[in-house]
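A quick note: this is a predicted structure, and the numbers were derived from the prediction, not measured.
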Amino acid sequence: MSFPRRRFLHLAACAAAAPIVSRGAMAQSYPVRPVHLIHGFAAGGSGDIAARLIAQLLSDRLGQQFVVENRTGAGGNLAVEAVTRAPPDGYTLLQLNVANAINTALYEKLSFNLLNDIVPVASFMRVPNVMEVTPSLPVKSVPEFIAYAKANPGKISFASSGVGSSIHMSGELFRAMAKIDMLHVPYRGISAGGLSDLMTGVVHVAFDNLPSSIELIRAGKLRALAVTTAARSQLLPDVPTVGDFLPGYEASAWYGVGAPRGTPDEIVERLNRELNVALANPATQAHIAELGGTPLPGSPAEFGTFIAKEVEKWGKVVELSGVKIKAE
(Lines give C-alpha, C1' and ligand atoms only; values in the text may rest on other atoms or scores of the structure.)
Protein backbone atom coordinates (compact mmCIF):
# COMPACT_ATOMS: atom_id res chain seq x y z
CA MET A 1 0.00 0.00 0.00
CA SER A 2 1.43 3.41 -0.95
CA PHE A 3 0.58 7.01 0.01
CA PRO A 4 0.62 9.96 -2.42
CA ARG A 5 3.52 12.28 -1.65
CA ARG A 6 1.18 15.18 -0.73
CA ARG A 7 -0.76 12.98 1.70
CA PHE A 8 2.49 11.73 3.27
CA LEU A 9 3.83 15.25 3.80
CA HIS A 10 0.52 16.31 5.36
CA LEU A 11 0.59 13.44 7.84
CA ALA A 12 4.24 14.14 8.68
CA ALA A 13 3.49 17.80 9.36
CA CYS A 14 0.56 16.86 11.61
CA ALA A 15 2.73 14.41 13.53
CA ALA A 16 5.42 17.05 14.11
CA ALA A 17 2.85 19.58 15.33
CA ALA A 18 1.04 17.16 17.63
CA PRO A 19 3.48 17.42 20.59
CA ILE A 20 3.29 21.22 20.47
CA VAL A 21 -0.49 21.18 20.39
CA SER A 22 -0.71 18.58 23.16
CA ARG A 23 1.69 20.52 25.40
CA GLY A 24 -0.30 23.70 24.90
CA ALA A 25 -3.56 21.92 25.56
CA MET A 26 -2.10 20.26 28.66
CA ALA A 27 -1.05 23.63 30.07
CA GLN A 28 -4.48 25.11 29.38
CA SER A 29 -6.31 22.27 31.12
CA TYR A 30 -3.75 21.89 33.94
CA PRO A 31 -4.39 20.87 36.65
CA VAL A 32 -7.04 18.19 36.23
CA ARG A 33 -6.36 16.51 39.59
CA PRO A 34 -4.91 17.54 42.98
CA VAL A 35 -1.33 18.83 43.06
CA HIS A 36 1.07 17.99 45.90
CA LEU A 37 3.34 20.71 47.26
CA ILE A 38 6.13 19.00 49.23
CA HIS A 39 7.50 20.88 52.25
CA GLY A 40 10.62 19.54 53.95
CA PHE A 41 9.85 20.48 57.53
CA ALA A 42 7.21 19.84 60.20
CA ALA A 43 3.84 21.53 60.34
CA GLY A 44 3.49 24.76 62.28
CA GLY A 45 6.72 26.55 61.39
CA SER A 46 7.01 29.69 59.28
CA GLY A 47 7.89 27.61 56.21
CA ASP A 48 4.81 25.45 56.67
CA ILE A 49 2.66 28.56 57.02
CA ALA A 50 4.11 29.91 53.78
CA ALA A 51 3.56 26.57 52.00
CA ARG A 52 -0.10 26.49 53.01
CA LEU A 53 -0.59 30.06 51.86
CA ILE A 54 0.96 29.22 48.47
CA ALA A 55 -1.27 26.14 48.20
CA GLN A 56 -4.40 28.10 49.03
CA LEU A 57 -3.61 30.85 46.53
CA LEU A 58 -2.93 28.38 43.71
CA SER A 59 -6.05 26.39 44.58
CA ASP A 60 -8.11 29.57 44.34
CA ARG A 61 -6.48 30.65 41.08
CA LEU A 62 -6.52 27.30 39.28
CA GLY A 63 -9.70 25.73 40.64
CA GLN A 64 -8.00 22.52 41.75
CA GLN A 65 -6.75 21.45 45.15
CA PHE A 66 -3.07 22.02 46.01
CA VAL A 67 -2.18 19.83 48.99
CA VAL A 68 0.77 20.50 51.31
CA GLU A 69 2.68 17.33 52.18
CA ASN A 70 5.23 17.56 55.01
CA ARG A 71 8.13 15.27 54.08
CA THR A 72 10.55 15.80 56.97
CA GLY A 73 14.10 14.58 57.43
CA ALA A 74 17.75 15.39 56.67
CA GLY A 75 17.25 19.14 56.91
CA GLY A 76 14.74 19.21 54.06
CA ASN A 77 16.78 16.98 51.74
CA LEU A 78 14.25 14.13 51.77
CA ALA A 79 11.64 16.46 50.33
CA VAL A 80 13.95 17.55 47.51
CA GLU A 81 14.88 13.95 46.79
CA ALA A 82 11.20 12.93 46.60
CA VAL A 83 10.45 15.70 44.09
CA THR A 84 13.44 14.93 41.88
CA ARG A 85 12.16 11.35 41.60
CA ALA A 86 8.56 12.36 40.82
CA PRO A 87 7.15 12.44 37.27
CA PRO A 88 7.80 15.89 35.73
CA ASP A 89 4.13 16.52 35.00
CA GLY A 90 3.36 19.43 37.31
CA TYR A 91 1.54 17.37 39.91
CA THR A 92 4.43 17.18 42.39
CA LEU A 93 5.99 20.49 43.36
CA LEU A 94 8.60 21.51 45.92
CA GLN A 95 8.46 24.38 48.34
CA LEU A 96 11.95 25.83 47.94
CA ASN A 97 13.56 27.71 50.83
CA VAL A 98 16.90 28.97 52.11
CA ALA A 99 17.68 25.61 53.75
CA ASN A 100 17.94 24.06 50.29
CA ALA A 101 20.61 26.58 49.32
CA ILE A 102 22.53 26.05 52.57
CA ASN A 103 22.38 22.25 52.28
CA THR A 104 24.12 22.31 48.92
CA ALA A 105 27.38 23.07 50.73
CA LEU A 106 26.54 21.76 54.20
CA TYR A 107 26.09 18.10 53.24
CA GLU A 108 29.11 16.20 52.02
CA LYS A 109 27.12 14.13 49.54
CA LEU A 110 23.60 14.49 48.19
CA SER A 111 21.66 12.28 45.80
CA PHE A 112 20.63 15.32 43.75
CA ASN A 113 21.99 18.57 42.37
CA LEU A 114 19.63 21.35 43.40
CA LEU A 115 20.49 23.71 40.55
CA ASN A 116 20.28 21.00 37.88
CA ASP A 117 17.50 18.72 39.12
CA ILE A 118 14.93 21.28 40.30
CA VAL A 119 13.31 23.77 37.93
CA PRO A 120 12.62 27.17 39.54
CA VAL A 121 8.94 28.01 39.12
CA ALA A 122 8.23 31.10 41.20
CA SER A 123 9.61 33.02 44.15
CA PHE A 124 6.99 33.91 46.76
CA MET A 125 8.07 35.75 49.89
CA ARG A 126 11.00 36.77 52.08
CA VAL A 127 10.86 36.82 55.91
CA PRO A 128 13.52 38.46 58.08
CA ASN A 129 15.26 36.84 60.97
CA VAL A 130 15.62 38.98 64.07
CA MET A 131 18.73 39.32 66.19
CA GLU A 132 17.35 39.10 69.71
CA VAL A 133 18.94 38.86 73.16
CA THR A 134 17.93 37.95 76.66
CA PRO A 135 16.77 41.12 78.46
CA SER A 136 19.33 40.49 81.21
CA LEU A 137 22.21 41.01 78.76
CA PRO A 138 23.52 44.58 79.25
CA VAL A 139 23.33 45.59 75.59
CA LYS A 140 20.71 47.53 73.65
CA SER A 141 22.26 47.77 70.17
CA VAL A 142 24.35 45.79 67.72
CA PRO A 143 27.51 47.87 68.38
CA GLU A 144 27.06 47.34 72.13
CA PHE A 145 26.62 43.60 71.59
CA ILE A 146 29.79 43.35 69.49
CA ALA A 147 31.75 45.33 72.09
CA TYR A 148 30.39 43.11 74.88
CA ALA A 149 31.26 39.92 72.99
CA LYS A 150 34.81 41.14 72.35
CA ALA A 151 35.17 42.00 76.02
CA ASN A 152 33.93 38.53 77.00
CA PRO A 153 35.53 36.13 74.48
CA GLY A 154 34.14 32.60 74.56
CA LYS A 155 31.36 33.50 77.00
CA ILE A 156 28.57 34.36 74.53
CA SER A 157 26.35 31.58 73.17
CA PHE A 158 23.78 31.71 70.40
CA ALA A 159 20.80 29.40 69.97
CA SER A 160 19.55 27.89 66.71
CA SER A 161 16.99 25.40 65.46
CA GLY A 162 19.71 22.96 64.47
CA VAL A 163 23.04 22.66 62.70
CA GLY A 164 22.85 24.18 59.23
CA SER A 165 19.51 25.90 59.72
CA SER A 166 19.05 29.45 58.44
CA ILE A 167 19.00 30.59 62.07
CA HIS A 168 22.37 28.91 62.65
CA MET A 169 23.92 30.27 59.46
CA SER A 170 22.62 33.78 60.16
CA GLY A 171 24.58 33.62 63.42
CA GLU A 172 27.66 32.24 61.68
CA LEU A 173 27.55 35.06 59.14
CA PHE A 174 27.27 37.61 61.94
CA ARG A 175 30.14 36.00 63.87
CA ALA A 176 32.40 36.13 60.81
CA MET A 177 31.56 39.70 59.82
CA ALA A 178 31.71 41.07 63.38
CA LYS A 179 34.91 39.12 64.10
CA ILE A 180 33.67 37.86 67.45
CA ASP A 181 33.67 34.52 69.23
CA MET A 182 30.29 32.90 69.97
CA LEU A 183 29.42 29.35 71.00
CA HIS A 184 26.70 27.72 68.89
CA VAL A 185 24.00 25.85 70.84
CA PRO A 186 21.66 23.91 68.51
CA TYR A 187 18.15 22.90 69.62
CA ARG A 188 15.66 20.50 68.07
CA GLY A 189 13.58 23.44 66.91
CA ILE A 190 14.24 26.79 68.51
CA SER A 191 10.67 27.10 69.78
CA ALA A 192 11.10 23.78 71.63
CA GLY A 193 13.54 24.97 74.29
CA GLY A 194 15.71 27.52 72.54
CA LEU A 195 13.53 30.56 73.11
CA SER A 196 12.77 29.67 76.73
CA ASP A 197 16.50 29.28 77.40
CA LEU A 198 17.09 32.61 75.68
CA MET A 199 14.50 34.35 77.85
CA THR A 200 16.10 33.00 81.04
CA GLY A 201 19.67 33.74 79.96
CA VAL A 202 20.89 30.16 79.51
CA VAL A 203 21.91 31.32 76.03
CA HIS A 204 22.42 34.95 75.11
CA VAL A 205 21.37 35.63 71.53
CA ALA A 206 19.46 34.10 68.62
CA PHE A 207 18.75 35.01 64.99
CA ASP A 208 15.23 33.59 64.90
CA ASN A 209 12.60 33.79 62.16
CA LEU A 210 10.60 36.90 63.04
CA PRO A 211 7.12 35.26 63.11
CA SER A 212 8.25 32.87 65.86
CA SER A 213 9.54 35.63 68.13
CA ILE A 214 7.42 38.69 67.45
CA GLU A 215 4.99 38.21 70.35
CA LEU A 216 7.83 37.56 72.83
CA ILE A 217 9.50 40.77 71.63
CA ARG A 218 6.27 42.75 71.98
CA ALA A 219 5.79 41.34 75.49
CA GLY A 220 9.29 42.45 76.50
CA LYS A 221 10.47 38.89 77.11
CA LEU A 222 13.13 39.27 74.40
CA ARG A 223 14.99 42.37 73.20
CA ALA A 224 15.27 42.88 69.44
CA LEU A 225 18.55 44.45 68.41
CA ALA A 226 18.18 44.28 64.62
CA VAL A 227 16.51 42.48 61.74
CA THR A 228 18.68 40.57 59.30
CA THR A 229 17.16 41.72 56.01
CA ALA A 230 18.46 44.64 53.97
CA ALA A 231 15.36 46.70 54.82
CA ARG A 232 13.54 47.21 58.10
CA SER A 233 10.51 45.10 58.94
CA GLN A 234 7.01 46.58 58.93
CA LEU A 235 6.35 44.63 62.14
CA LEU A 236 9.32 46.26 63.90
CA PRO A 237 9.71 49.62 62.14
CA ASP A 238 11.86 51.12 64.90
CA VAL A 239 14.36 48.25 64.89
CA PRO A 240 17.41 48.80 62.62
CA THR A 241 18.97 46.28 60.30
CA VAL A 242 22.18 44.41 61.05
CA GLY A 243 23.49 45.87 57.80
CA ASP A 244 23.23 49.36 59.30
CA PHE A 245 26.23 48.39 61.46
CA LEU A 246 27.83 45.60 59.39
CA PRO A 247 27.54 46.80 55.78
CA GLY A 248 26.73 43.96 53.39
CA TYR A 249 25.12 41.71 56.00
CA GLU A 250 21.86 40.16 54.80
CA ALA A 251 20.17 36.95 55.84
CA SER A 252 16.56 35.92 55.56
CA ALA A 253 14.17 33.06 55.21
CA TRP A 254 12.66 32.92 51.73
CA TYR A 255 10.14 30.67 50.06
CA GLY A 256 9.17 29.73 46.52
CA VAL A 257 8.09 26.87 44.30
CA GLY A 258 10.15 24.39 42.27
CA ALA A 259 9.38 21.40 40.08
CA PRO A 260 11.21 18.29 38.83
CA ARG A 261 13.58 18.78 35.91
CA GLY A 262 11.71 18.18 32.67
CA THR A 263 8.43 19.76 33.78
CA PRO A 264 6.89 21.36 30.65
CA ASP A 265 7.70 25.04 30.26
CA GLU A 266 4.02 25.77 29.68
CA ILE A 267 3.10 24.45 33.12
CA VAL A 268 5.99 26.26 34.79
CA GLU A 269 4.98 29.52 33.13
CA ARG A 270 1.33 29.10 34.08
CA LEU A 271 2.13 28.44 37.73
CA ASN A 272 4.47 31.43 37.75
CA ARG A 273 1.87 33.67 36.16
CA GLU A 274 -0.89 32.65 38.57
CA LEU A 275 1.29 33.07 41.65
CA ASN A 276 2.45 36.50 40.50
CA VAL A 277 -1.17 37.56 39.95
CA ALA A 278 -1.95 36.39 43.49
CA LEU A 279 1.04 38.33 44.87
CA ALA A 280 -0.26 41.50 43.24
CA ASN A 281 -3.52 41.20 45.19
CA PRO A 282 -3.64 43.65 48.14
CA ALA A 283 -5.24 40.97 50.33
CA THR A 284 -2.30 38.63 49.73
CA GLN A 285 0.17 41.42 50.36
CA ALA A 286 -1.58 42.24 53.65
CA HIS A 287 -1.47 38.57 54.70
CA ILE A 288 2.26 38.36 53.94
CA ALA A 289 2.86 41.61 55.85
CA GLU A 290 1.09 40.12 58.88
CA LEU A 291 3.68 37.33 58.79
CA GLY A 292 6.46 39.91 58.77
CA GLY A 293 7.32 39.16 55.15
CA THR A 294 7.55 40.93 51.82
CA PRO A 295 6.34 39.54 48.47
CA LEU A 296 8.94 38.24 45.99
CA PRO A 297 7.34 38.36 42.53
CA GLY A 298 9.39 37.51 39.46
CA SER A 299 9.97 35.20 36.51
CA PRO A 300 11.28 31.62 36.71
CA ALA A 301 14.61 32.82 35.30
CA GLU A 302 14.89 35.54 37.95
CA PHE A 303 14.13 33.01 40.68
CA GLY A 304 16.79 30.70 39.25
CA THR A 305 19.37 33.48 39.39
CA PHE A 306 18.33 34.29 42.96
CA ILE A 307 18.74 30.64 44.06
CA ALA A 308 22.18 30.38 42.41
CA LYS A 309 23.34 33.49 44.29
CA GLU A 310 22.00 32.11 47.57
CA VAL A 311 23.84 28.81 47.00
CA GLU A 312 27.08 30.72 46.40
CA LYS A 313 26.59 33.03 49.38
CA TRP A 314 25.74 30.35 51.93
CA GLY A 315 28.44 28.07 50.57
CA LYS A 316 30.99 30.65 51.69
CA VAL A 317 29.36 30.93 55.12
CA VAL A 318 29.34 27.13 55.54
CA GLU A 319 33.02 27.05 54.62
CA LEU A 320 33.82 29.75 57.18
CA SER A 321 31.86 27.88 59.87
CA GLY A 322 33.74 24.64 59.22
CA VAL A 323 30.51 22.65 59.62
CA LYS A 324 29.88 19.59 57.44
CA ILE A 325 27.20 16.88 57.65
CA LYS A 326 27.38 13.44 56.14
CA ALA A 327 24.24 12.71 54.13
CA GLU A 328 22.16 9.91 55.59
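A pairwise comparison of heavy atoms in A43 and R52 identifies CB-NH2, 4.3 Å as the closest pair. Here the closest heavy-atom approach between residue V98 and residue S166 is recorded as CG1-CB, 3.5 Å. The two residues T134 and L198 make their nearest non-hydrogen contact at CB-O, 2.9 Å. Taking every heavy atom of both residues into account, F245 and P143 meet most closely at CD2-CG, 3.5 Å. Smallest separation of non-hydrogen atoms from L236 and L210: CD1-CD1, 3.6 Å. A pairwise comparison of heavy atoms in S161 and I167 identifies OG-CD1, 3.6 Å as the closest pair.
Using a 4.5 Å cut-off on side-chain heavy atoms (C-beta onward), F145 and M131 make contact. In this structure the side chain of N100 never reaches within 4.5 angstrom of the side chain of W314, judged on heavy atoms. I288 has its side chain within reach of L53: a pair of non-hydrogen atoms, C-beta onward, lies under 4.5 Å apart. Put simply, the side chain of P211 reaches to within 4.5 Å of the side chain of V127, judged on heavy atoms. For the pair H168 and P186, the minimum side-chain heavy-atom distance is 4.5 Å or more. In this structure, F124 and L279 have side chains that are in contact, with non-hydrogen atoms separated by less than 4.5 Å. Using a 4.5 Å heavy-atom threshold, the side chains of P138 and Y148 count as touching. The shortest side-chain heavy-atom distance between S46 and L291 does not fall under the 4.5 Å cut-off.
Of the possible donor and acceptor atoms, none in the side chain of S252 sits under 3.5 Å from a partner among the backbone N and O of W254. Side-chain atoms of N70 do not come within 3.5 Å of backbone N or O of H39 as any donor-acceptor pair. The backbone N or O of N113 lies less than 3.5 Å from no partner atom in the side chain of N116, so there is not a single donor-acceptor pair. Proximity of a side-chain donor or acceptor of E81 to a complementary backbone N or O of N77 within less than 3.5 Å is not detected. Between the side chain of R223 and the backbone N or O of V139 there is at least one donor-acceptor pair closer than 3.5 Å. For the pair N152 (side chain) and K155 (backbone), a donor-acceptor distance under 3.5 Å is absent. Judged by distance alone, the side chain of N276 and the main-chain N or O of G298 form a donor-acceptor pair under 3.5 Å. Side chain of N97 to backbone of G47: no donor-acceptor contact under 3.5 angstrom is found. Remark: side-chain polar atoms of T284 are paired, donor with acceptor, to backbone N or O of A278 under 3.5 angstrom.
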Next item on the list: Mind running side chain to side chain contact (heavy atoms under 4.5 Å, CB included) on I156 and I180 for me, showing each step along the way?
Entry: CA-CA 9 Å; I156 298 296; I180 59 174; over 6 Å; no
Next item on the list: Start with the C-alpha gap between H184 and S160, add the side-chain angles, then the distance that decides, and say whether side chain to side chain contact (heavy atoms under 4.5 Å, CB included) holds.
Entry: CA-CA 7 Å; H184 175 225; S160 84; 2.7 Å; yes
Check: Could you walk me through whether R126 and F306 pass the side chain to side chain contact (heavy atoms under 4.5 Å, CB included) check?
Finding: CA-CA 12 Å; R126 184 197 298 272; F306 173 83; 3.5 Å; yes
Margin query: Does Y30 form a side chain to side chain contact (heavy atoms under 4.5 Å, CB included) with V35? I'd like the steps, not just the answer.
Written below: CA-CA 10 Å; Y30 169 86; V35 178; 3.8 Å; yes
Item checked: Criterion salt bridge (charged side-chain N to carboxylate O under 4.0 Å, His left out) on E215 and R218, from CA distance to verdict -> CA-CA 5 Å; E215 293 306 323; R218 287 170 172 167; 2.9 Å; yes
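Heavy atoms of other residues, nucleotides or ligands lying less than 6.0 angstrom from CD of Q234 number 12 at most. Taking a 6.0 Å sphere around CD of E319, one finds it holds 12 or fewer heavy atoms contributed by other residues, nucleotides or ligands. Summarising the local packing, NZ of K313 is surrounded by more than 12 heavy atoms from other residues, nucleotides or ligands at distances under 6.0 Å. Dense packing is recorded around NZ of K324, with more than 12 heavy atoms of other residues, nucleotides or ligands lying under 6.0 Å away.
In this structure, T92 OG1 and E69 CD are separated by 8.0 Å, a value rounded to the nearest 0.5 Å. To the nearest 0.5 Å, atoms CD1 (I325) and CG (L110) are separated by 10.0 Å. Taken from CG in L62 to CG in L275, the straight-line distance is 9.5 Å, to the nearest 0.5 Å. Rounding to the nearest 0.5 Å places CD of Q64 at 12.0 Å from CG of L58. In this structure, CD in Q95 is found 6.0 Å from CG in L37, a value given to the nearest 0.5 Å. Taking CE of M199 as the reference point, atom CG of L216 lies at 5.0 Å (rounded to 0.5 Å).
With sequence neighbours excluded, the residues that form a ring-ring contact (aromatic ring centres under 6.0 Å, His included) with F207 are F174.
Note: the hydrophobic cluster containing V32 also contains F66 (ILVMFWY, side chain heavy atoms under 4.5 Å, direct or indirect links). A continuous path of hydrophobic side-chain contacts links L115 to Y107 [ILVMFWY only; heavy atoms under 4.5 Å]. In this structure, M182 is a member of the same hydrophobic cluster as V323, with clusters built from ILVMFWY side-chain heavy atoms closer than 4.5 Å. Cluster membership for I49 and F41, using ILVMFWY side-chain heavy atoms within less than 4.5 angstrom, is not shared. In terms of hydrophobic clustering, with Ile, Leu, Val, Met, Phe, Trp and Tyr side chains grouped at heavy-atom distances under 4.5 Å, V67 and L271 are assigned to different clusters.
Partner of N129 under the side chain to side chain donor-acceptor pair (under 3.5 Å) criterion, out of S213, S212, S170: S170 alone.
At a cut-off of 3.5 Å, with distance as the only test, a side-chain donor of H204 or S157 sits close to an acceptor on the other residue.
A salt bridge links R175 with E172: at least one charged nitrogen is closer than 4.0 Å to a carboxylate oxygen. Note on K309 versus E312: no salt bridge recorded, every NZ/NE/NH1/NH2 to OD/OE distance being 4.0 Å or above.
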